[in-house]
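Read through the structure below, which is laid out as structure tokens, and then see the notes.
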Amino acid sequence: MAQARAAVSFRNAMKEYQPRRALVTGGAGFIGANFVRYWLASDPEIRIVNLDLLTYAGSLDNLAGLPDEDRHTFVEGDICDRALVDRLLREHAVDTVVHFAAESHVDRSISGPSAFIQTNITGTFTLLEAVRQHWLEERRLGADGCRFHHISTDEVYGTLGRDDPAFTEETPYAPNSPYSASKAASDHLVRAYHHTYQLPVTTTNCSNNYGPYQHGEKFIPTVIRSCREGKPIPVYGDGSNIRDWLYVEDHCRGIDRVVRRGQLGETYNIGGDNEWNNLAIVRLICRLMDERLPQNAPHDRLITFVTDRPGHDWRYAVNGMKIRTGLDWTPAESFDTGIRKTLDWYLS
């Protein structure tokens with residue numbers, strides 16, 4: 001009976017959804033912390049419970065100086081801890097989950113894949129089971145009363161050749177690393193819970209993010225740090241690998257748009273329409289650092305080519321037409337404006 005009621009509400013849910021009490025997982029990480037800031041600043045009604053295990057990728061420093069901190073509650077804990085998740089859902093009457101929490105560093109997934117299986121697959125399953133019981137069975141909420149949004153990656157689609165068209169939402173999955181394989185599995189679980197239980201879900205698959213608060217091991221922060229410290233800038237292989245780059249606040253706006261207006265059960269690709277090869281990005285950052293730290297110029301003398309990592313995908317590119325035309329979202333930042341903001345943030 002509860003599932004039948006949920007199915008009726010699901011079919012009738014057409015108006016814009018209004019999140020009010022949200023559980024954000026992984027909200028002390030790079031994209032999660034930026035999203036928490038964005039939501040607190042843009043929606044004065046929302047209250048956020050932020051669940052993060054504070055592994056290497058998360059830091060409370062990322063949450064310093066939040067706008068209207070009284071509407072934010074931080075909880076250190078594991079998304080695989082079902083008892084904790086159940087307690088937070090009930091105590092805070094959570095109506096929305098925005099699920100960022102994931103192991104996401106490809107190199108780490110190659111050297112130690114087990115953590116990726118545990119967090120990305122088992123953790124997502126734990127959350128889905130908890131909200132299924134809490135929303136559909138206990139509170140008997142329909143699709144207009146709750147939402148589970150899952151953040152994924154373009155890496156689930158595999159790799160592209162030079163002239164291949166960009167990934168669309170219909171591109172078959174072909175993950176090539178333990179990281180992307182674990183994210184693909186979590187995507188399939190989210191989809192299955194929608195079709196089996198009518199759980200109100202949406203999913204976004206994003207291209208490479210950059211901007212404030214990104215972990216120092218990632219590509220762009222590594223280049224900036226190497227320039228500042230006068231140390232070698234490591235570039236995998238010959239630097240020809242291509243990525244589509246998306247400024248993190250543009251990504252946050254896209255997620256918000258999908259949570260509020262996205263069609264249930266649908267996936268939306270969020271990309272910057274902004275392809276650069278790695279070496280070109282390194283040279284651009286070096287030129288910008290020459291302007292900011294002329295005493296250390298030229299910074300491109302620090303470029304050092306290193307052995308490529310195993311199974312390194314050559315090119316990612318995302319076709320974002322679905323979110324652009326269907327939900328009226330476009331990036332506000334070009335790569336030129338976004339990378340300058342990013343450099344200024346790290347240098348300050």
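- Checked for salt-bridge contact, R253 and D250 meet the test: a charged N lies under 4.0 Å from a carboxylate O.
- Taking the side chain as every heavy atom from C-beta outward, D344 and R292 approach each other to under 4.5 Å.
- Between K183 and E155 there is no salt bridge, since none of the side-chain N atoms of the basic residue sits less than 4.0 Å from a carboxylate O of the acidic one.
- A salt bridge links R90 with E138; the closest basic N to acidic carboxylate O contact falls under 4.0 Å.
- A salt bridge does not link E103 with R108: every distance from a Lys NZ or Arg NE/NH1/NH2 to an Asp or Glu carboxylate oxygen is 4.0 Å or more.
- Close placement of the F335 and Y210 rings is indicated, their centers lying within 6.0 Å of each other.
- Here R71 does not pair with E45 in a salt bridge; the nearest charged N to carboxylate O distance is not below 4.0 Å.
- The side-chain hydrogen bond (donor to acceptor under 3.5 Å, both in side chains) test with T202 singles out one residue from Q263, H149, R260, and that residue is H149.
- Looking at Y173 and P175, their side chains come closer than 4.5 Å, going by heavy atoms from C-beta outward.
- Taking the six-membered ring for Trp and the full ring otherwise, the centers of W345 and Y213 sit less than 6.0 Å from each other.
- The shortest distance between side-chain heavy atoms of V201 and H150 does not fall below 4.5 Å.
- In this structure, the side chains of T203 and Y268 stay at 4.5 Å or more apart for every pair of heavy atoms.
- Ring geometry for Y56 against H215 counts as perpendicular: the plane angle is over 60°, on a 0 to 90° scale with 30° as the lower cut.
- Using a 4.5 Å cut-off on side-chain heavy atoms (C-beta onward), L302 and S226 make no contact.
- Using a distance-only test at 3.5 Å, with no hydrogens or angles considered, a donor-acceptor pair links the side chain of D290 to the main chain of H299.
- Of the possible donor and acceptor atoms, one in the side chain of R301 sits under 3.5 Å from a partner among the backbone N and O of P298.
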Inset, instruction - Please lay out, stage by stage, how L66 and R37 fare under the test side chain to side chain contact (heavy atoms under 4.5 Å, CB included). - result: CA-CA 6 Å; L66 289 175; R37 290 179 181 278; 3.5 Å; yes

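- Aromatic ring centroids of H251 and F35 lie 6.0 Å or more apart.
- Of the charged side-chain nitrogens involved, at least one lies within less than 4.0 Å of a carboxylate oxygen, so that R340 and E291 count as a salt-bridged pair.
- Remark: E16 engages R261 in a salt bridge, criterion side-chain N to carboxylate O under 4.0 Å.
- Taking the charged nitrogens against the carboxylate oxygens, D86 and R82 do have a contact shorter than 4.0 Å, which makes a salt bridge.
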